[in-house]
Amino acid sequence: MKLEKLIGTALGNNKADLVIKNANIVDVFCGKITKGDVAVTDGVIVGIGEYSGENEYDAEGKYLMPGFIDAHVHIESSMVTPSEYSRLVIPKGVTSVVCDPHEIANVSGIDGIKFMMDDAKDAPLKFNFMLPSCVPATDFESSGAVIDAKDTKEFLEKYDFLGLAEMMNYPGLIYCDREVLEKVESSEIIDGHAPLLSGKELMAYAVTGIRTDHECSNVEEMNEKISLGMYAILRCGMHTKEFCEMVSGVDKNTVNRIAFCTDDKNAQYINETGTIQYCIQNAVNAGMDPIDAIKAATINPANCYGLKKLGAVAPGFKADLVLCENLVPDTIKAVWKDGVLVGKDGKDVYVTKKTANPEKVYNSVNIPDISADDLVCEFDKKTPVISVIPGSLVNKKVYKDSADGLTHLACIERHKASGNIGRCYVENYMFKNGAIASCIGHDSHNVTVAGDNKEDMLIAVNALGKSGGITVVSNGEVIGKLSLPVGGLMSDMPWEEVAKGHKEIEEAGKKVLVNAEIDPFMVLSFLPLPVIPELRLTDKGLFDVIDFKLL
Ligand SMILES: [Fe+2]
């Protein structure tokens, strides 16, 4: 009966549930705008043209486009739970995400992933979960959980995953580590993560069926990957420089293999700038055709992930729709998910249900008693220093003659209280009489602390407590704290509170950090990540990403 009803409505024989009248409709297939009505029945678009409905909404000539799809996001990086993330991004036009619960998985394993899935299930935002492929990301750090090849197979069968999430362990894959290959063999849809991989090594990576990469940092790299049949998912998070450069290099041949993502973006920045809407705006500013930019936010990611009913305003597609004042989505007037109005004038207009139990992911910070001396090391000019590059996640490995102007950095294992502490020095990340500590430290999320003196560093670490979060200390006093009790990564509060709390610690951070060009928390959270070049610090010590070994 369902199909008969849809056919009858498409033919105009019966009234649709909802008709959005007088819209400028974005056609992502022909790259043009069509004027008319869009009819929706049972949450599905049935027709475009002239229709009447039980409910009618006058679009007044505004632009109606498909709901945006974030092609790759770690919800945990927003610092809010999935149900709150939905409330945050739905009014900004995002109706689906492909998400990788990799951060919580590294803290709490499958319990953490199940919490995310439970919390997401009643939200209108469609969360397409990918199963994290690299827990831990590498063997050179200590995580709170391990997901091996056997677990991977089991979880993919047992739970509702779209595919396998970003395969960061490209050395393991290229050198045919059996465990890594078995994971890749378990799934048809596999996300990639291979910064700067090229030539035969990239061939070896792509031959395994990995079809996406969201780590391109220049046009040449992007085109090489597209040429091998991959989708280049361009990240426009907090920093936009690389994104704009790559977008400028997209042409009519490559435009269908581009999608947009946010990857890691906190609630405050999402609130201030948006997510995928911000990608479209930046892409257009960088010279991309607006409809091409909308395609990269809708039909391209849908095609990439085989989400066959998403990404277009056309019959048979889900009625995930965004109504914007202009073609470039600056002001979003209304958002429908499956034909139901869920966002209006920047606000969520649906009832949020919260039934997930976070108990298993609380109190995740577990470190032994440490002293201030444990957090610092003697300077040795033969040991490399991490040089932070403002505005980039990539850093440089450098050698220095003295410790002048350098900052202490320590990474403390926080899952099993093993007492592991990595220590080193950092350049371009200067503090004045203070320290900051955080349990967000990609990807194992150990406690990372930076400062210009060991006493403040210790106070910052101790102020995290069992539940964790981010702390700022100045002259022996805690001047900022954001509590993140869900795995030490997310708050259990409404996103509005979290965005406000983040703004407050940002202000506190400015009081202790010298270089205003640096986002202190973002930089700190990526300093331990051993899969982005060139030099990182894990709880096991300094890690050379280029040579892929501990120093
Ligand atoms: Fe990612």
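Remember, it's 1-based here, ligands and their atoms both numbered in the order they're listed.
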Row for the Fe ion (ligand 1): angle NE2 (His74) to NE2 (His72), 10° precision, value 90°
Please report whether the ring centroid of Phe260 lies less than 6.0 Å from that of Phe68. no
Margin query: Distance alone, cut at 3.5 Å: any donor-acceptor contact between the side chains of Glu413 and Ser418?
Written below: yes
Of all N, O or S atoms in Asp263, the one closest to the Fe ion (ligand 1) is OD1
Problem - Aromatic ring pairing His193/His214, orientation class (parallel under 30°, perpendicular over 60°, tilted between) - result: perpendicular
- Short N/O/S contact of Asp264 with the Fe ion (ligand 1) (below 2.8 Å): no
Discussion item. Check whether Ser525 reaches the backbone of Met522 with its side chain - one donor and one acceptor, N or O, closer than 3.5 Å.
Written reply: yes
(Q) With a cut-off of 2.8 Å, does Glu166 put an N/O/S atom close enough to the Fe ion (ligand 1)? (A) yes
